Colleague: 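Right, I'll just put the structure down here and ask away after.
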Amino acid sequence: MKKNKIKAIFLLAITTFSLFLLAGCGSSSSSASSAKEKTVKIGITGSDDEVLKAVAKKVKKEGINLKIVEFSDYSQPNTALDQGEIDLNAFQTIIFQNDWNKKHKTNIVSIGSTVIAPMALYSKKIKKVSQIKNGDKIAVANDATNEARGLALLESAGLIKLDNAKVPGLKDITENKLNLKITPLDAAQTAKSMDDVTASVVNSGVANDSKLDPKTAVYREKITAKSKPYVNIISANKKDKDNPTYKKIVKAYQSEEIAKVIKKEFHGYEQPAWNYKVLN
């Protein structure tokens, strides 16, 4: 009887020790897995970027924790990137980035195209361009590249004429028959200004955050082969342009799966731009 009791105690001790070892190994394995996961901070303007959330879910399987950092205006994401507060950003066009680098002496580069998103003229007071009257107020974004793009949209709509400046500003308006009062505002404020102006030229991202329906736009920017400088991009500091983890994020973004998310979220208004043939 004593032998059986001793044997039982011995087996219990062995079993307990084995379970302890397994638990330790499991904890160690979990810690190792967690340690291997790489966190990458990516800056955006606005909020609720369902496309990037889908990308984050996709790269999670590769051990990449893509953390989305939201900023309230167009000046912050590049400053944060240059200062190392974030690793990437995804909010700007090629032409905006080039202008930013020139003005701020930074070395920010594109590591991949994302979407092309046309601007549009929105209004709470009119439904078509022909209803714009003499002396009406029109808001445009105040940063150089988006202002130029907004003015080009107004020219395309037949409201003004511009000279041949590469990046036109208000001074480059050569004809304004309706004496329109064109008011530059921070891009994030263009949608909010619609109570105070006749119409406002609003970026796609700002329009989306403000729940503006592109189908109700007074006028939409025409996307052609000349629109390539306005393709949106994922950007990094130049020293990180070949970072293999960042390349995996770009590859995940530029996939058929994410193209479907873009089409679903923007109803064809924004288009995948990593294959520019979609615009021809």
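All figures in this text were calculated on a predicted structure; none of them were measured in a lab.
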Colleague: Can you tell me if Gln92 and Asn232 form a side-chain donor-acceptor pair at under 3.5 Å?
Modeller: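 There is no such pair between these side chains.
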Colleague: Nearest heavy-atom pair of Val231 and Ala273: which atoms, and what distance?
Modeller: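 Where Val231 meets Ala273 most closely, the heavy atoms are CG1-CB, 3.8 Å.
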Colleague: May I ask you to list the residues sharing a hydrophobic cluster with Val197, side-chain cutoff 4.5 Å, ordered by chain and number?
Modeller: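 In the cluster with Val197 there is nothing else; it is isolated.
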Colleague: For Thr145 and Ile95, which heavy atoms make the closest approach, and how far apart are they?
Modeller: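 In this case the closest contact between Thr145 and Ile95 is CG2-O, 3.5 Å.
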Colleague: Suppose we screen for side-chain contact (heavy atoms from CB on, under 4.5 Å). Which residues come up paired with Asn98, at least two apart in sequence or across chains?
Modeller: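 side-chain contact (heavy atoms from CB on, under 4.5 Å) check on Asn98 returns Ile94.
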Colleague: By salt bridge (charged side-chain N to carboxylate O under 4.0 Å, His left out), which residues pair with Lys260, not counting sequence neighbours?
Modeller: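 Here no residue qualifies.
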Colleague: Using the salt bridge (charged side-chain N to carboxylate O under 4.0 Å, His left out) rule, collect all pairs that involve residues 143-158, keeping only residues at least two apart or in two chains.
Modeller: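 For residues 143-158: Arg149-Glu221.
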Colleague: Taking only residues two or more places apart in sequence, or in another chain, which ones meet Lys171 in a salt bridge (charged side-chain N to carboxylate O under 4.0 Å, His left out)?
Modeller: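 For Lys171, no residue satisfies salt bridge (charged side-chain N to carboxylate O under 4.0 Å, His left out) once neighbours in sequence are set aside.
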Colleague: Taking atom types as modelled, is there a side-chain donor on Ser72 or Gln76 under 3.5 Å from an acceptor on the other?
Modeller: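 Their side chains do contain a donor-acceptor pair, which is all the 3.5 Å distance test asks for.
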Colleague: Under the side chain to side chain donor-acceptor pair (under 3.5 Å) test, which residues partner Gln189, sequence neighbours left out?
Modeller: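 Result, side chain to side chain donor-acceptor pair (under 3.5 Å) vs Gln189: none returned.
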Colleague: May I ask you to check whether Ser235 and Gln97 show a side-chain donor-acceptor distance below 3.5 Å?
Modeller: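 On atom types as modelled, these side chains qualify, holding a pair under 3.5 Å.
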Colleague: List for me each residue that meets side chain to side chain donor-acceptor pair (under 3.5 Å) alongside Ser113, sequence neighbours excluded, and say none if there are none.
Modeller: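 Side chain to side chain donor-acceptor pair (under 3.5 Å) list for Ser113, sorted by chain: empty.
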Colleague: Between Phe91 and Phe71, is the gap from one ring center to the other below 6.0 Å?
Modeller: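 For Phe91 and Phe71, the ring centres are not under 6.0 Å apart.
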Colleague: Only counting residues at least two apart or in another chain, list the ones meeting salt bridge (charged side-chain N to carboxylate O under 4.0 Å, His left out) with Lys124.
Modeller: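 With neighbours one apart ignored, the set is Asp195.
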Colleague: Suppose the criterion is salt bridge (charged side-chain N to carboxylate O under 4.0 Å, His left out): which pairs have a residue in residues 106-118, not counting sequence neighbours?
Modeller: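 Residue pairs with at least one partner in residues 106-118: there are none.
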Colleague: Heavy-atom distance under 4.5 Å between the side chains of Thr93 and Ile233, does that happen here?
Modeller: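 A side-chain contact is absent here, since even the closest heavy-atom pair is not under 4.5 Å.
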Colleague: Is Leu185 reachable from Leu159 through a run of hydrophobic residues whose side-chain heavy atoms are each under 4.5 Å from the next?
Modeller: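 Shared cluster, no.
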Colleague: Return the set of residues passing salt bridge (charged side-chain N to carboxylate O under 4.0 Å, His left out) with Asp99 (not counting sequence neighbours), or none when no residue passes.
Modeller: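 By the salt bridge (charged side-chain N to carboxylate O under 4.0 Å, His left out) rule, Asp99 matches Lys103.
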Colleague: Can you name the residues that form a side chain to side chain donor-acceptor pair (under 3.5 Å) with Thr106, not counting sequence neighbours?
Modeller: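 Asn101.
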Colleague: Are any of the side-chain nitrogens in Lys41 or Glu85 under 4.0 Å away from the carboxylate oxygens of its partner?
Modeller: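 Between Glu85 and Lys41 there is no salt bridge, as every charged N stays at least 4.0 Å from the carboxylate O atoms.
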Colleague: May I have all residue pairs that pass side-chain hydrogen bond (donor to acceptor under 3.5 Å, both in side chains) and include part of residues 126-135, sequence neighbours excluded?
Modeller: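 Only Asn134-Asn179 qualify under side-chain hydrogen bond (donor to acceptor under 3.5 Å, both in side chains).
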